Amino acid sequence: MTKRQITWFLAAFFLIHWAAVLFRNDRFPLTWAPMYSSYTRSPEMKVRVADEEKFMRGFRVTRRDGSVDWIGAERLNVPKWNMYRLYTQRAFKDNSNKYTNGNSALDPFYRWVWGLEEGEPAFAIEWDWRMFWSLNKSLGHDPGDAEFIVRIQADFIRVYYNLQELRLVREVTEETDLRWDEAWLERWR
Amino acid sequence: MSGAARRFSEVWDRFFYTGFSAESLGLLRICFGVGLLPFHIVQFESLVRLDSDGTSFYFIDPMWHFELLGIDFNQPLLTMLVCCVLMVATLTMALGLRTRTSIAVVIVSIFYLKGVRDSFSADVHHRYLVPINALFLLLPSKCGWAYSLDSRRRPGAPRPLEWEASWPIKAMQLYCASFYFWSIIAKLRVTGWAWFNGERVQDVLLRRSLLWGVDEAGNPVANQLAYDMAQSPALCFLLSQITFILEAGFPFILLIGSPRWRLLFLAGVAFFHLVNGVLLYVGFVLMPIVFLSFFDLEPVYQRLRRRWHGSPPAETPQASTS
């Protein structure tokens, strides 16, 4: 490549990256580097406890025929920490960091660029639909099958910590109970 | 050309097109490649542990390029195969064997494996951002000319000029410095100056220490040090200020001429990543492999060669000008 071509290449390279920063793009390999940027102070902090035995054992699922089963990391063939996030976050409809950061402190410029109303999130994901789709597809179940999963349950311990007094307040067992919605049949693929 | 444009052009040329030789670029390729090998292992070992005959998991949220290509499930055997290809291609890149092809294969493999790992549960990890962009910059460069098997296969290839050897290294430096600076912009944009009052650091220390649960006395069952540190607001404030200095001050490294001062600053950043790794499980511990781009490795190599082998210094070619 000639020097002139390299100059254009470098100019384009850095312009694209700075544009990604300006427009809060976080699509690899572009980023606005939002790691650990969002933070909201509250008097009490909530922490999910990683009970490896529990999250690796997985979800308690109910099938269309009424039978109950456990589906964990081994059966789904998912790495440990991905299973942790599926179990304690997505099943509880909690956004992943990329969406939490992406929805944080949206300034008027960003809202104007992407046509978002005041208060409207940049990313809104239906995690419950995705959980049913992902689990059923992975295990080869179609909506008409007797083995089709229609209910997903999970629970974990959440620790509440008082930030003013720097002490543990309580431990609470959080539970989720997702139910299949027949209206989702339209989007099954 | 106006005066301002001419000055800008001079500064641009002086920054991007001077300072390094083809040998420096070749050594950077070797060191970066060798550093990438453990980096890949740390990042993707969890994928190799999967059952190759097991379930093909359908991703809960495919990454943007998987969505574009219609890849919505993991094929475990293929993933393991790509892991092997990645390691081999990284090694051949370091050796300088079909360098450009090797770099291209490394890039494609990282895209695939990162896509798999991050699509399982809708994550996005930022650890590969600097390395992948460094690879993008090395791809069109002449980094395979020196200290490579390619140079033995093509002994008559013309020597790269100084500008040809310098721009990939300088661009890597600039990208790396920008990356740290962007993270400060993001913190200020999302949380503001409140990020640096110590509460955010305290928050993350507590989160990571309580992650494994608490005993009957209310103390964490693991990561006690992070928990103890979080009890001191003054220490948390200090740590947040150090974060600010390291990230906001990173671009100034481009202005530091002395390699010793650069080394000192980058050693500080490396220590910062190490502490984050141990206390907070932040996976940037091997990030310092990209810091090699801030040093001219050729004089270092020649000095080491003289000291260890007692051989006379190789004739260090004067960097040709363009």
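Quick note on labels: first sequence line is chain A, next is B, and so on, each numbered from 1. Everything numeric in this text was worked out from a predicted model, so none of it was measured.
- Considering only heavy atoms from C-beta on, A:Tyr36 stays 4.5 Å or farther from B:Asp203 through its side chain.
- The local environment of CZ in A:Arg187 is crowded, with over 12 non-hydrogen atoms from other residues, nucleotides or ligands closer than 6.0 Å.
- For the residue pair B:Ser121 / A:Asn82, a side-chain donor-acceptor distance below 3.5 Å is found, with atom types taken as modelled.
- Interface residue B:Ala230: only backbone heavy atoms are found under 4.5 Å from chain A.
- Taking the six-membered ring where the residue is Trp, A:Tyr161 and B:Tyr227 present perpendicular rings, their angle passing 60° and hence far from 30°.
- Looking at B:Ile184, there are no atoms closer than 4.5 Å to chain A (heavy atoms on both sides), in backbone or side chain.
- In this structure, the side chain of A:Ser96 engages the main chain of B:Ala122 through a donor-acceptor pair within 3.5 Å.
- Of the listed residues (B:Phe111, B:Phe66, B:Tyr128), just one forms a ring pair (Phe, Tyr, Trp, His ring centres under 6.0 Å) with A:Phe28, and that residue is B:Phe111.
- A salt bridge links A:Lys98 and B:Asp61; the closest N-O separation between the charged side-chain nitrogens and carboxylate oxygens is under 4.0 Å.
- Proximity to chain A (any heavy atom under 4.5 Å) is shown, for B:Ser183, by both the backbone and the side chain.
- Looking only at side-chain heavy atoms (C-beta outward), B:Phe16 and A:Ile6 stay at 4.5 Å or farther from each other.
- When each of B:Arg49, B:Gln202, B:His65 is scored by its heavy-atom pairs under 4.5 Å with chain A, the top score falls to B:Gln202.
- Contacts between B:Trp64 and chain A at a heavy-atom distance below 4.5 Å involve the side chain alone, from C-beta outward.
- Put simply, of A:Ala105, A:Pro34, A:Ser37, the one with the most heavy-atom pairs under 4.5 Å next to chain B is A:Ser37.
- For chain A, the option among B:Gly115, B:Ala194, B:Gly54, B:Pro76 with the highest count of heavy-atom pairs below 4.5 Å is B:Gly54.
- Considering only heavy-atom pairs separated by less than 4.5 Å from chain A, the leading option among B:Asp51, B:Asp13, B:Leu47 is B:Asp51.
- Most heavy-atom pairs under 4.5 Å with chain A, from the set B:Lys114, B:Glu199, B:Lys142, B:Met63: that is B:Glu199.
- For chain A, the nearby part of B:Arg208 is the side chain; its heavy atoms alone come within less than 4.5 Å.
- For a residue to count as touching a neighbouring chain, one of its non-hydrogen atoms must lie under 4.5 Å from one of that chain's; by this rule B:Tyr180 does not touch chain A.
- Taking B:Trp12, B:Trp212, B:Trp195, B:Phe120 one by one and counting their heavy-atom pairs under 4.5 Å with chain A, the maximum is reached by B:Phe120.
- Between chain A and the residues B:Val214, B:Ile110, B:Val204, B:Asp118, the largest count of heavy-atom pairs under 4.5 Å involves B:Val214.
- The ring-ring contact (aromatic ring centres under 6.0 Å, His included) search around B:Phe272 returns none, not counting sequence neighbours.
- Taking the six-membered ring where the residue is Trp, the centroids of B:Tyr58 and A:Trp133 are separated by under 6.0 Å.
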